[in-house]
**Q** 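Structure incoming, see below.
Read the numbers this way: they start at 1 and go in the same order the structure lists the ligands and their atoms. Residue indices begin at 1 and follow the sequence shown. Computed over heavy atoms, backbone and side chain alike; hydrogens, waters and symmetry mates excluded. Owing to the predicted nature of the structure, the values given are computational and were not obtained by experimental measurement.
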Amino acid sequence: MSCQPLLEVKALTKHFATTSGFWGKTKTVRAVDGVDLTIYEGETVSLVGESGCGKSTTGRCLTRLIEPTAGEVWFQGKNILTLSPEEMRQMRRDVQFVFQDPFASLNPRKTIAQILMDPLIVHGIGTPAERRKKVEEMIEIVGLTTKHLDRYPHEFSGGQRQRIGIARALILRPKLIVADEPVSALDVSIQAQVLNLMQDLQRDFKLTYLFISHDLSVVKHISDRVAVMYLGKVVEVAEKGALYRAPKHPYTKALLSAVPVANPDAVRERILLEGDLPSPSNPPSGCTFHPRCPSCMDICRTTTPTLKITDEGHYVSCHL
Ligand code: SF4
């Protein structure tokens with residue numbers, strides 16, 4: 001892992017306007033509310049949190065699959081939110097996305113060869129023969145064979161389809177892959193195979209990953225650093241070892257207390273959070289976690305904490 005940032009996200013914000021009720025009252029949903037995140041070359045940063053915390057929207061905004069409301073995303077010295085469509089097309093070679101549901105993300109009317117060929121055609125790479133050669137190499141790199149190339153997505157298992165999704169992301173030889181819950185739709189045994197494949201590919205192709213997941217067991221397997229999100233904000237960032245050994249934010253502590261441990265004799269106190277994730281259209285005042293926080297103080301109800309460094313490389317957003 002290099003100490004050179006590959007991606008720097010500053011105050012990334014995505015608000016959606018929704019209308020509800022008989023009078024069509026407009027509300028603002030603060031799906032992503034000022035996310036700061038740095039990802040260094042060659043590392044895997046995981047973005048974790050409950051469903052609805054804004055982690056997938058963050059991933060989509062920083063690859064411009066959806067347009068953010070505000071903020072900056074610096075990739076190799078350029079703010080990609082200000083790039084022209086042509087510059088953005090170039091950038092897409094370097095930043096690729098792997099989706100949660102490989103079946104929904106693969107065109108059912110195209111063969112695997114066509115699916116893998118499309119990015120090469122769009123970016124004008126190689127002659128038809130060269131493209132075919134690249135596709136044949138790539139399908140073998142992800143653990144399938146050339147005889148699979150003339151089949152259609154429905155002829156594959158979930159794990160195989162995710163391998164194809166990874167091959168499609170990798171065919172342009174990107175630098176950064178944003179993987180949104182890439183294994184959560186798979187059986188546990190298949191999850192391990194796909195995670196191992198992703199780690200092998202990271203080493204072989206010098207890839208950097210942003211890995212989005214709600215599953216802290218999976219994240220522990222693959223991450224170098226972990227960023228925890230709550231209601232549109234990053235509340236804690238640390239190296240994996242430090243975060244799992246000594247989490248500092250009460251929300252991270254609660255999340256980790258629910259992760260199963262391998263040792264049946266290990267005693268761990270489960271921290272149960274009260275209530276559900278509040279609505280991002282009406283976030284609580286002050287620290288947005290305060291209605292559920294077992295350590296809430298008066299200041300937490302009125303003053304929003306900011307992400308501050310506590311130990312080397314360990315950032316926490318909390319008044320404690
Ligand atoms: Fe809990 Fe207060 Fe820290 Fe928020 S700022 S996590 S409410 S202690």
**Q** Cation-pi between K14 and F16: NZ/CZ under 6.0 Å from ring centre and within 45° of the ring axis?
**A**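 Cation-pi check for K14 and F16: passes.
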
**Q** Before giving the answer on side chain to side chain contact (heavy atoms under 4.5 Å, CB included), spell out for M229 and L47 the whole-Å C-alpha distance, their side-chain angles and the decisive distance to 0.1 Å.
**A** CA-CA 7 Å; M229 268 189 90; L47 201 51; 3.9 Å; yes

**Q** Salt-bridged, D36 to K10, with N to O below 4.0 Å?
**A**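 Looking at K10 together with D36, the answer is no, because their closest N to O distance does not fall below 4.0 Å.
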
**Q** Scan L176, L170, V178 and name whichever one has a side chain to side chain contact (heavy atoms under 4.5 Å, CB included) with P174.
**A** L170

**Q** Have a look around atom 4 (Fe) of ligand 1 and list protein N/O/S atoms under 2.8 Å, or say none.
**A** C287 SG

**Q** Hey, what do you get for CD (E8) to CZ (F75), rounding to the nearest 0.5 Å?
**A**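 Spacing of CD (E8) from CZ (F75) equals 12.0 Å.
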
**Q** Could you tell me whether the side chain of S317 reaches within less than 4.5 Å of the side chain of Y315, counting heavy atoms only?
**A**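 A side-chain contact is absent here, since even the closest heavy-atom pair is not under 4.5 Å.
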
